[in-house]
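Below is one structure, written out as structure tokens; comments come after it.
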Amino acid sequence: MSRALVLGGGGIAGIAWEIGLLSGLAEAGVDVRDADLVVGTSAGSIVGTLLRTGHDLEQLHAAQLGPVPATERAVQFDGAAFFASFAAALAGATGEQDARARIGALALRAQTVPESERRAVIGARIGAPEWPAQRLVVTAVDTADGEFLAVDRDTGFPLLDAVAASCAVPGVYPPITIGERRFMDGGMRSATNADLAAGCDTVLVVAPMAGIAGSPLGPSLDDELATLRREGKAHLVLADEAAVRAFGTNPLDPATREPCARAGRAQAARVADEVRAFWG
């Protein structure tokens with residue numbers, strides 16, 4: 001029986017919530033780190049890499065509760081303006097890949113910090129690890145043509161670059177150059193990309209955010225879960241109301257780390273029994 005763990009996107013708030021949730025589940029005796037496959041998108045690519053490269057969950061949780069590192073700079077994020085720019089870019093899109101290419105063009109035009117600074121931020125979170133032996137998939141999107149990539153150790157990308165690309169929120173952070181191509185956030189197809197775990201018997205989806213139903217960029221979470229359930233079983237743990245309040249209006253704000261980690265830990269206590277029954 002094969003098992004997969006899918007970790008969705010959600011900014012700095014999502015990283016903290018996922019760490020809080022997973023550490024709380026482990027404390028309750030439900031350790032999902034033994035999954036045969038981990039799929040990480042954006043925030044989930046950070047957490048998935050930390051899990052696969054041997055970091056201790058309790059230590060990761062404690063770090064979220066401590067002082068914010070100097071490398072984690074506050075980012076001004078106006079959600080209304082962000083989605084308005086997306087809507088304008090997507091007008092007239094002829095399909096999902098074309099829609100993603102239009103967002104890619106937006107990402108390439110944006111004034112952001114240099115790529116080197118962004119790589120340094122990601123490096124401060126995950127180090128400079130090699131791809132792990134256990135299977136890890138990190139998602140990204142090519143800004144030039146909207147192609148979606150499921151990146152793993154066989155793709156040939158450095159893991160740090162793949163994770164930096166997966167976290168490159170268009171219009172906020174710079175696309176990441178790998179070879180001749182520039183990549184942006186894997187969440188520009190789906191907040192979870194859970195359908196990449198199709199074929200696994202058991203799939204646990206941990207999602208800070210469900211994404212947008214009817215998105216022109218890619219499948220909805222409901223569609224992904226339906227795909228997974230055609231061949232196996234899937235269980236969703238979505239951030240609860242307390243966690244969403246902790247995310248606030250700017251999930252890219254490092255100040256969300258502590259409250260979101262605590263919210264994830266508290267939610268773990270409430271869902272541990274159902275996850276244990278599902279995960280086996």
Side-chain angles (χ1 to χ4, degrees), residues 1 3-68 72 125 191-192 194 197 200-211 221-222 224-225 228-229 232-280:
M1 176 179 290
R3 299 187 294 183
L5 172 65
V6 174
L7 300 168
I12 291 175
I15 294 171
W17 175 78
E18 288 179 3
I19 288 173
L21 182 86
L22 295 174
S23 65
L25 289 175
E27 184 185 48
V30 188
D31 193 341
V32 298
R33 288 174 292 181
D34 59 352
D36 300 288
L37 167 66
V38 173
V39 176
T41 292
S42 201
S45 73
I46 295 284
V47 178
T49 297
L50 292 172
L51 294 184
R52 282 308 209 205
T53 53
H55 290 260
D56 180 80
L57 275 169
E58 278 303 313
Q59 292 179 2
L60 291 174
H61 182 248
Q64 295 297 313
L65 304 181
V68 175
E72 296 288 356
R125 294 177 186 168
T192 51
C200 290
D201 300 298
T202 301
V203 183
L204 176 64
V205 181
V206 174
M209 301 174 181
L221 179 55
D222 285 344
E224 291 170 353
L225 292 172
L228 296 174
R229 288 167 178 156
K233 59 179 183 175
H235 182 76
L236 172 65
V237 178
L238 188 64
D240 62 13
E241 291 183 6
V244 171
R245 287 195 298 272
F247 293 168
T249 59
N250 182 2
L252 304 180
D253 186 350
T256 61
R257 285 163 41 108
E258 180 179 354
C260 289
R262 293 190 186 280
R265 190 75 169 221
Q267 187 172 352
R270 294 190 286 273
V271 303
D273 287 345
E274 64 189 50
V275 175
R276 181 184 294 107
F278 172 77
W279 194 250

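For clarity, every value in this text was computed on a predicted model and none was experimentally measured. Side chains included, hydrogens not; waters and symmetry mates left out as well; all remaining heavy atoms used.
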Original post:
What distance do Leu236 atom CG and Leu228 atom CG have between them, rounded to the nearest 0.5 Å?
Top reply: 10.5 Å

Subject >> Exercise: identify the closest heavy-atom pair between Ala207 and Leu238 >> reply: O-CD1, 3.2 Å

Subject >> Nearest heavy atoms of Ala197 and Val6, plus distance in Å >> reply: CB-CG2, 4.0 Å

Subject >> Listed partners of Ser45 passing side-chain hydrogen bond (donor to acceptor under 3.5 Å, both in side chains), at least two apart >> reply: none

Original post:
Minimum heavy-atom separation for Pro208 to Gly14, with atom names?
Top reply: CG-CA, 3.8 Å

Subject >> Passing candidate, side-chain contact (heavy atoms from CB on, under 4.5 Å) with Leu7, options Leu204, Val47, Thr192 >> reply: Val47

Subject >> Considering all heavy atoms, the nearest Ala243-Ala263 contact >> reply: CA-CB, 3.8 Å

Original post:
CD of Gln64 to CD1 of Ile19: how many Å apart, nearest 0.5 Å?
Top reply: 4.0 Å

**OP:** Return the minimal non-hydrogen interatomic distance between Ala261 and Leu65, and the atom names on each side.
**Re:** CB-CD2, 4.0 Å

Subject >> Contacts of type side-chain hydrogen bond (donor to acceptor under 3.5 Å, both in side chains), residue Asp273, not counting sequence neighbours >> reply: Arg276

Original post:
Looking at side-chain heavy atoms only, is the closest gap between Arg257 and Val68 below 4.5 Å?
Top reply: yes

**OP:** With rounding to the nearest 0.5 Å, note down the distance linking CD in Gln267 to CG in Leu21.
**Re:** 6.0 Å

**OP:** For residues 39-66, pull every pair meeting salt bridge (charged side-chain N to carboxylate O under 4.0 Å, His left out), keeping only residues two or more places apart or in separate chains.
**Re:** Glu58-Arg265

**OP:** Just do the side chain to side chain contact (heavy atoms under 4.5 Å, CB included) check on Leu5 and Leu51 with the steps written out, would you?
**Re:** CA-CA 11 Å; Leu5 172 65; Leu51 294 184; 3.9 Å; yes

Original post:
Please, which pairs that meet side-chain hydrogen bond (donor to acceptor under 3.5 Å, both in side chains) have at least one residue in residues 242-256, sequence neighbours excluded?
Top reply: none

Original post:
Quick one: salt bridge (charged side-chain N to carboxylate O under 4.0 Å, His left out) pairs with a partner in residues 3-20, sequence neighbours left out?
Top reply: Arg3-Asp34

**OP:** Side-chain contact test, heavy atoms from C-beta onward, threshold under 4.5 Å: evaluate it for Pro251 versus Ile12 and give yes or no.
**Re:** no

Original post:
Got a second to check how far Arg33's CZ is from Leu22's CG, nearest 0.5 Å?
Top reply: 9.0 Å

Subject >> Asp31, Leu57, Val206, Val271 screened by side-chain contact (heavy atoms from CB on, under 4.5 Å) with Leu25, the one that passes >> reply: Val271

Subject >> Listed partners of Glu274 passing side-chain hydrogen bond (donor to acceptor under 3.5 Å, both in side chains), at least two apart >> reply: His235

**OP:** Would you please test Asp36 and Cys200 for side chain to side chain contact (heavy atoms under 4.5 Å, CB included) and show each step?
**Re:** CA-CA 9 Å; Asp36 300 288; Cys200 290; 5.9 Å; no

Original post:
How long is the gap from CD on Glu72 to CG on Leu252, to the nearest 0.5 Å?
Top reply: 10.5 Å

Original post:
Do you know which two heavy atoms are closest between Trp279 and Ala4, and how far apart they sit?
Top reply: CZ3-O, 3.5 Å

Original post:
Can you tell me how far SG of Cys260 sits from CD1 of Ile15, rounded to the nearest 0.5 angstrom?
Top reply: 10.5 Å

